[in-house]
2 protein chains.
Amino acid sequence: MTSSGTIPIGELSRLTGCNIETIRYYERIGILPAPVRRGRFRRYDTSGVRRLAFVRRARELGFPLDTVRTLLFLAEGGGHSCEQAREVAEIQLADVLAKRADLDRMAVVLGDLVQACGAGDAAGCPLLEALSD
Amino acid sequence: MTSSGTIPIGELSRLTGCNIETIRYYERIGILPAPVRRGRFRRYDTSGVRRLAFVRRARELGFPLDTVRTLLFLAEGGGHSCEQAREVAEIQLADVLAKRADLDRMAVVLGDLVQACGAGDAAGCPLLEALSD
DNA sequence: CTTGCATCTGTAGTCGCTACAGATGGTAGG
DNA sequence: CCTACCATCTGTAGCGACTACAGATGCAAG
């Protein structure tokens, strides 16, 4: 047993639900550290798995990768963690709410237009005419 | 007056709220036809203005550029316009609703975490711990 | 021996712009 | 007449977050 508890990238991918190419991409841009290798093959231990899982969860909340970097740093005990973490989360929340508001507006308009097109009586398509103004 | 009713790209930009670089980009990828030129300068007439306005409105509803192409074609009287227009709008609506649902989920989680971090009593940051699992 | 699998590196493509750099031509002011 | 400025031009590269190859390598099973 040279490195008993370690897994190859494929298994890390399965464990975390993260694409292999994405894992290598994260390594390239410094989100994940270059792991130990057995020959040419990357080998990940539990800390590697935990770190990637962290990244995935952060990404699921929509945090951009640059912010994920900050969150990783904070999670490793950098500075006034909770305070700063809350700050970036607030910014992210505001961003999410703004995007949702945009989508809401789109959904209303699209819903109306689909409806109007469904009840197709009048000459001309309501949808196409709305776009043509 | 060689071409009285035509305007330069800057004015088209102002009229439609569409960036000059974006207008040229649309031309490059075939969303807009190459306009008449006065010397080296693009000149747009009312049909150019209307076409770009159409594109902008479609983009505001989130239609991808490829679909905008289809919509333009339909608006110019291609085939069973209204039926097909409704179909693409339904797909777009479904997409918008799915994205909104994603954002909703994010907003709930982020809201909770921001809240939990605000009431900072316990040791450890709730947000960072949620990401660390 | 060969087939298949997992992995490797490196590069290019996606989408919808945006941001330059560097050239060109016309007008207005000194 | 010269200079400054303005709008426009072309062409290319960058963004964010991946994704999709192509082509090499090495190992184990049939």
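The basis for the numbers below is simple: all heavy atoms, side chains too, and nothing from hydrogens, waters or symmetry mates. The shown structure was predicted, so the numbers you read here are calculated from the model rather than taken from an experiment.
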**Q.** Side-chain donor/acceptor of Ser81(A) to backbone N/O of Leu74(A), under 3.5 Å
**A.** yes
Taking atom [atom2] of [N] as reference, at what distance in whole Å does atom [atom1] of [X] sit?
X: Arg14(A); N: dT7(C); atom1: CZ; atom2: C1'; answer: 12 Å
X: Arg43(A); N: dC8(C); atom1: CZ; atom2: C1'; answer: 14 Å
X: Ile20(B); N: dT10(D); atom1: CD1; atom2: P; answer: 12 Å
X: Ile9(A); N: dA6(C); atom1: CD1; atom2: C1'; answer: 11 Å
X: Arg38(A); N: dT7(C); atom1: CZ; atom2: P; answer: 12 Å

Lys/Arg-Asp/Glu bridge criterion (N-O < 4.0 Å) met for [X], [Y]:
X: Lys99(A); Y: Asp102(A); answer: no
X: Glu21(A); Y: Arg28(A); answer: no
X: Glu11(A); Y: Arg43(A); answer: no

Q: Report the C-alpha distance between Glu27(B) and Arg42(B) in whole Å, list the side-chain angles of each, state the deciding distance to 0.1 Å, and finish with yes or no for salt bridge (charged side-chain N to carboxylate O under 4.0 Å, His left out).
A: CA-CA 11 Å; Glu27(B) 181 183 328; Arg42(B) 291 167 179 83; 2.7 Å; yes
Q) What are the two closest heavy atoms between Val114(B) and Arg86(A), and how far apart are they? A)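 Taking every non-hydrogen atom into account, O-CD, 3.5 Å.
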Q) Which letters describe nucleotides 15-28 of chain D, given B = protein heavy atom under 4.0 Å from base, S = only from sugar-phosphate, - = neither? A) --BBBBB---BS--
Q | From dT9(C), dT7(C), dT10(D), nucleotide with atom closest to Arg37(B) side chain | A |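 Nearest to the side chain of Arg37(B) among the choices is dT10(D).
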